[in-house]
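Source: prediction; values computed, not measured. Order of appearance sets the numbers: ligands from 1, and atoms from 1 within every ligand.
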Amino acid sequence: MIHRLLIFSLILFISGFDNAMAQSGVSLPNASASLPFLSPRGSESQSSTAMPDPATGKPDPAAQMAWWSDARFGMFIHWGLYSVPAGEWNGKTEYGEWIRTSAEIPLEVYDQFRPRFNPVQFDADAWVRMARDAGMKYIVITSKHHDGFCLFDTKQSEFNIMSTPFKRDPMRELTAACEKYGLKFCFYYSIMDWHHPDYLPRRPWEKTRSSDGADFDRYVSYMKAQLKELLTNYGEIGVLWFDGEWESTWNEKHGKEIYQYVKSLQPGILVNNRVGAGRLDMEGLTKAGAFGGDFGTPEQQIPATGLPGVYWETCMTMNDHWGYNKADKNFKSTKEIILMLADIASKGGNYLLNVGPTSEGLFPQESRDRLAAIGKWMASNGESVYGTQASPFSQLKWGRCTQKLTATGAILYLHVFDWPSDGQLELSGVLNTAEKAYLLADPAKTPLRIKRQNDALVISLPERAPDTINSVIALYIQGKPDLTDPPGFQTVFDTFVDSLSVSLVSNRDNVQIRYSIGTKDPSSTSPLYMRPFTVKETTLVSARCFRDGKPVSGTVRKEFRKVAPRAPHPVRVEDPVRVGDPVRVGDPVRVGLRYRYFEGAWDSLPDFTTMKPVKEGITPGFVFTPRNQDDLFSFVYDGYVQVPESDVYIFFTSSDDGSCLWIDDQLVVNNDGLHGLTEKSGSIALAKGFHKIRVAFFERTGSDTLEVSVMSQTKPKQRLPAEWLFY
Ligand code: H79
């Protein structure tokens, strides 16, 4: 966790926190792009056949990934028995593909959806055409979701599409249509299975469903038999997309075995990281050292930056459900989706966008509308998405960039989200000679005027943007991109109490950093940055890279604000205090914290004020004792934290599931919600002495962790010491 945080902080500080998305009126998870020149592969490997490495005889991974990486855009389809209730059960309309478990529907009752699944309107040809017309290059469909229902003709279980009134194998029809339209056909397959008698564990609420005689090894054999069917009966499959791997019965050994098995059946196939057991929650990447398949799978989120050396694909719903939900009209706009696609491509990733068809076999109208609109954009601008690499710039004020290397230089695709009002598009930090530029949406490729202004290329644009969402300019440059990002501030804190040490760094060799105080751009005579300097008042610092006395990058600016610390509480102690020592002066505070322990099923932290705890008492720190059960509980810790000096403190909680931290009744860390191990942080200025602290944590199911850490300018990040805690 610590390493990850450091790397992420570094990337964030290098790239700054410019939020171009906010300016464009759309909020995307984050705005910065990737580090230069480190995308997984060169654009030269366009071949879709994986040639074995002549030295090792093993297939070359970059060549195997080539079709997928070039594709950039695919369709996810969630379709199954859950499409019949369409999200509704017992008057509630909040469900999706998880309905069997979320609404606690017994096996026999759920089985009643089978005679009602008859998608007579299903038209494989029309589905694949809608994907193709949207510009999507592959389709990943649920061959079996967590409910265990198989959407294909399997001999391994009765619980499949052939035992519905439909009696057709939609997978066979989709295979044919994908072949016809040139899309790669791919299968989603859930490891977790709430139907198969040998799958373990049972759902906690399935009290009457015995697990006597269940044999997980036999379940793995069942999986293999089904995977064999999927990989022999439907031609060439692009990807096997596993999911539902997080329960305790699945381990890395299973993952490696299944991965090898799948590859033995189709050597060219790609397998996502969820085949293993090392996924880091919804960020979707694999823990260091764990087995991670061929690519990472962020779910419902876009990484803040590119991930050099890592193949990844963000999967995302168009509304708030994967499976069809008739009540969910909360669809993302076409604009949001197009900007996300550009954002993802600029970070070197793929976008797998979901459709949840109805049980009649139709795509919801809202999805059809969006697919058609995206397709219109892709028809003019697809060149800036397919086969591109991550942006070479860390950030661009007006949008995003993707690139393709050519024999003589590169094409930079400038995705302009915010059309400049003065018609001048500035691209800072580019030393290459520009060859030409034109709008991708202009079939005549009318050249745009380009002029040089120090380190920047300035392109003159027509008054009106050709596209209201994202107009793309193809800019041809000579030679390998010679680009310089503005310097980055390495200082973690942007507020301080007394003084702050400010440090700068450039990711480019052979440049000098010059800085100035205030908004004026640093010039060749501004102070040369040699070592960290100290600010004692609120200060705006501007910095820029120079070479041979000439600016070679744009300017970065950051304000460091002096803030007043919150006054301490009138609690005094005599030094030295050791854990367990009673405190003798002032209010009667002692080392430790008060805790309250609750039981219940929550998706986020409830308001505990009116709730009666199951237990309460004193604890030395943030531990889960005493408790009665491993799941469905909550702890609230209250007391004082004694900070050693007046300073700005960053507090962190790392928890699975949700947690929040308050200091002096102010919410500092919001890490709430149902999630795997996730770290969040927040800062607050505190005067030396005692401050109220409260930490609340809840655990639904699965593994449980709560770690509370702290750092200040003078103290590196550490677990919040027990010696600082009092009640
Ligand atoms: O098929 C769709 C969803 O039904 C499925 N994945 C997408 C593609 C999905 N299953 N579960 N979830 C989404 C959310 C589950 C999250 C959690 Fe966990 C499971 C929280 C704790 C256990 C995964 C593993 C995230 C953290 C650890």
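At under 3.5 Å, a nitrogen or oxygen of Trp98, whether backbone or side chain, sits near a nitrogen or oxygen of ligand 1. By the 3.5 Å distance cut-off applied to N or O atoms, Trp322 is not counted among the residues near ligand 1.
For ligand 1 and Tyr188, the ligand atoms under 4.0 Å from any heavy atom of the residue are 1 (O). Per-residue contacts place Gly676 under 4.0 angstrom from the following atoms of ligand 1 (heavy atoms of the residue considered): 26 (C). Taking every non-hydrogen atom of Arg279 and a distance limit under 4.0 Å, the qualifying atoms of ligand 1 come out as 23 (C).
Salt bridge status for Arg274 with Glu313: absent, with no side-chain N to carboxylate O gap under 4.0 Å. Between Arg627 and Asp704 a salt bridge is recorded (basic side-chain N to carboxylate O distance below 4.0 Å). Salt bridge Lys263/Asp294: present, at least one basic N to carboxylate O contact under 4.0 Å.
At a cut-off of 3.5 Å, with distance as the only test, a side-chain donor of Ser703 or Asp656 sits close to an acceptor on the other residue.
Under the 4.0 angstrom criterion, atom 17 (C) of ligand 1 counts as lacking any protein heavy-atom contact. Under the 4.0 angstrom criterion, atom 1 (O) of ligand 1 counts as having a protein heavy-atom contact.
Relative ring orientation between Phe624 and Phe633 is described as perpendicular, the plane-to-plane angle rising above 60° on a 0-90° scale split at 30° and 60°.
What sits closest to atom 14 (C) of ligand 1 on the protein, heavy atoms only, is Met282 CE, 3.9 Å.
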